Protein chains: 2
Amino acid sequence: MNHPQEAPVRQRRKEARPAELLAAALDHFVERGFAATRLEDVAAQAGVSKGTLYLYFGSKETLFKAVIEQGILPVMAQGEAMLAQHDGDARSLLQGLLLRWWELIGATRLGGIVKLMISEAGNFPDVAQYYYEHVIVRGRNLLRQTLERGIATGEFRDLDIESAIDVIFAPMLMLAIWRHSLAPCGCGKQDPETYLRTHLDLLLNGLENK
Amino acid sequence: MNHPQEAPVRQRRKEARPAELLAAALDHFVERGFAATRLEDVAAQAGVSKGTLYLYFGSKETLFKAVIEQGILPVMAQGEAMLAQHDGDARSLLQGLLLRWWELIGATRLGGIVKLMISEAGNFPDVAQYYYEHVIVRGRNLLRQTLERGIATGEFRDLDIESAIDVIFAPMLMLAIWRHSLAPCGCGKQDPETYLRTHLDLLLNGLENK
DNA sequence: ACCATTACTGACTGACCAGTCAGTAATGTA
DNA sequence: TACATTACTGACTGGTCAGTCAGTAATGGT
C-alpha cells in the first residue's frame, strides 16, 4: 500500500523510444515470428503502451522492415572496411572475415535476423528483395574478392567461385540460425568455438593448393 | 449456364483425405509459417471444406505435428539402410549419403520441413524436441559412423567429429532452406548441382589425410 | 425403392489483436 | 503559478480466423 518514491509513472523520452522498440521487436519477431508477435507485448517490453509504438512506427509491417534495415545496415560497412585495409595473405583474410562476422553478428542478437528473414521471406517479398540486395549481395562480394585474391596468388585451388561463396558461408549461417531455433529448446549443441575451428580447419585444407 | 456432366459435387474419399490434407498443409506452413496459414486455405487446396479438415485433425497444432512427423519419418529408415549395406570406402559413402539426402529430401517438398521446423521451433518446443530426437540425432548418427569409419581406415584426418558432423551438413541444410525462403522471391541462385559438386570437392579435399 | 449410416458442408461464434483516438500528464516557458 | 505544447496512454472498434455443429447428400444394404 505504500509507494516509496517510485520513478514517475510516465516518462517522456522521445529520443530513446525508437531504438528500444526496435530492440524489443527484434526479440519477439525472432522468437515467435511476425504473425505470432503481439505489438502490445513488444510495447510492454520496451516500457511503453501500444499507442506509443504507433507514434513511431506506422504499422506492424513498417516496424518489421525497420527491424531488418536498422539491424543490419550499420554492420555491413565494417566488413568492407576490413577487406580494404587488409594486406596479409588470403588465408588469414578469409579467416578474419568469418570470425569477425561471428563476433559482430552471429554471436549477437543480430544473428536472429538471419532466421527471421528466412522465416518471413515468403510473406514479405519486398523486404526479402531489399535484404538480398543490401546484405547478401554485399556480403558475397567480400567473400568473392577474398577468394579471387587467394586464387590469383596461388594460395587457393581454382574452383567455382560463386558456389564456393555460398558453401563457405553456409556453416556460419546455420550456426547463427541454430542459436535462435532448436538450441533454446534444450536440443544439445557444443560450443561455437569448436564448431568454428573445425569449419576453418576443413575449409582451409579444402582450399589449399597442394 | 450449362452443366456438362461435372464430377459429383461432393466426393467421399475417407482414405485419401489425410494424405491430401497433409500435403496441402505442408505447402502452406512452409510458405507462410504456422500462424499466417489459414486452415480454410489448406482445406480448399485439398479440395474439402474446413469442417472436413477437423474430421481428420483435431486442431491446427495437431495438423502441424502430423505434417512434421508424417513427412520425415518414412525417409529416415532409408539412410540407415544405406549405411548398413555399404561396403566401399568412407569417401564414397559420405558422398553417397549427402547426394541421396538431397535427392530424397532436399530437392523435394520435404526440404521445406527444415525451414518450417527452424521457423516454428520457438512456438512448439515439444515438436522441436521430437524432431531433434527422431530426425537430427538419427541423421547425425549416420554421419558420425561414416566419419569414424574414414578416420579408422586412415582415409580422413583425425578431427573433432561432433562439430565436423554439423559443419559438413550445414551447406546441405542451407541449400534446402534457400529454396523455400529467398529463392522464390527472385533472389538469384545458381543450380544445386554446381553447389553440391563444390561442397563435395571442398569437403573431401579438406578431410583427406595427406 | 426405402432406409441407415456416415463423410462432408458451411454458416456461425467467440477470442484475439492490429490499429485508432479522445483524454491525461509531463515538460518548457513566461 | 498559469498556460501551451506534446509525449504518452488505454479503452474501444472492426476484421480475421480457429473451432463447432446442425444439416446435407453420397453410399451401401435390404
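This one's a predicted model, so the numbers in the text were calculated from it and none came from an experiment. Below, chain A is the first sequence line, B the second, and so on; all start at residue 1.
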For nucleotides 28-30 of chain D, list the nitrogen or oxygen atoms of the protein found under 3.5 Å from its nitrogen or oxygen atoms, one pair per line.
none

Under-3.5 Å N/O pairs linking protein and nucleotides 4-6 of chain D:
unit_1, atom_1, unit_2, atom_2, d
D:dT6, O2, A:R12, NH1, 2.9

Find every protein N or O atom lying less than 3.5 Å from an N or O atom of nucleotides 9-12 of chain D, and list the pairs.
unit_1, atom_1, unit_2, atom_2, d
D:dT9, OP2, A:S49, N, 2.8
D:dT9, OP2, A:S49, OG, 3.2
D:dT9, OP2, A:T52, OG1, 2.6
D:dT9, O4', A:R10, NH2, 3.2

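Using a 4.0 Å cut-off on heavy atoms, none of the residues of residues 34-44 of chain B approach DNA chain C. Contacts with DNA chain D (heavy atom under 4.0 Å) in residues 58-70 of chain A: none are found.
In this structure, A:R197 does not pair ionically with B:D160, as no charged nitrogen and carboxylate oxygen lie closer than 4.0 Å. A salt bridge links B:E162 with B:R144; the closest basic N to acidic carboxylate O contact falls under 4.0 Å.
Each end of the helix from C:dA1-D:dT30 to C:dA30-D:dT1 gets its own axis, taken as the rotation carrying the C1' atoms of four end pairs onto the next four within a five-pair window, and the two axes meet at 0° to the nearest 10 degrees.
No donor-acceptor distance shorter than 3.5 angstrom exists from the side chain of B:H199 to the backbone of B:Y195, with no hydrogens or angles considered. In this structure a side-chain-to-backbone donor-acceptor pair under 3.5 Å is missing from A:T52 to A:V48. Of the possible polar contacts, one joining the A:S119 side chain to the A:K115 backbone as a donor-acceptor pair under 3.5 Å is found. No donor-acceptor pair closer than 3.5 Å links the side chain of A:Y56 to the backbone N or O of A:A19.
The OH atom of A:Y54 sits 13 Å away from the C1' atom of D:dT13 (whole-angstrom rounding). One atom, CZ of A:F57, and another, C1' of C:dA18, lie 16 Å apart when rounded to the nearest Å.
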Donor-acceptor pairs are to be reported for all side-chain atoms of residues 173-187 of chain A against protein atoms at under 3.5 Å, with residues two or more places apart or in another chain.
unit_1, atom_1, unit_2, atom_2, d
A:R179, NH2, A:A107, O, 3.1
A:H180, NE2, A:G112, N, 3.3
A:S181, OG, A:I177, O, 3.0

Distance-only criterion, 3.5 Å: show the donor-acceptor pairs between side-chain atoms of residues 35-45 of chain B and protein atoms not counting sequence neighbours.
unit_1, atom_1, unit_2, atom_2, d
B:T37, OG1, B:H28, O, 3.2
B:T37, OG1, B:G33, O, 2.7
B:R38, NE, B:D41, OD2, 3.0
B:R38, NH2, B:D41, OD1, 3.3
B:Q45, OE1, B:H28, NE2, 2.8
B:Q45, NE2, B:D27, OD2, 3.0

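The side chain to side chain contact (heavy atoms under 4.5 Å, CB included) search around A:D191 returns A:E193, A:T194, not counting sequence neighbours. Looking at residues two or more places apart in sequence or on another chain, you find no ring-ring contact (aromatic ring centres under 6.0 Å, His included) involving A:Y132. For B:T146, the side chain to side chain contact (heavy atoms under 4.5 Å, CB included) partners are B:L83, B:L93, B:L94, B:L97, not counting sequence neighbours. In this view, B:I151 and B:F156, B:D158, B:I161 satisfy the side chain to side chain contact (heavy atoms under 4.5 Å, CB included) rule, not counting sequence neighbours.
Heavy atoms only, all atoms of each residue included: B:F34 and B:E120 are closest at N-OE2, 2.8 Å. When all heavy atoms of B:P171 and A:V167 are compared, the closest pair comes out as CG-O, 3.9 Å. The two residues A:G150 and A:A90 come nearest to each other via the heavy atoms CA-CB, 3.4 Å. Minimum interatomic distance between B:L22 and B:A66 (heavy atoms only, all atoms of both residues): CD2-CB, 3.7 Å.
Side chains of A:Q129 and A:D126: a donor-acceptor N/O pair is absent below 3.5 angstrom, by distance only.
For B:Y56 and C:dC8, the shortest distance from a side-chain N or O to OP1 or OP2 is below 4.0 Å.
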**Item:** A:K65 vs A:E61, salt bridge (charged side-chain N to carboxylate O under 4.0 Å, His left out): CA-CA, chis, key distance, verdict
**Value:** CA-CA 6 Å; A:K65 291 177 180 171; A:E61 191 166 337; 3.7 Å; yes
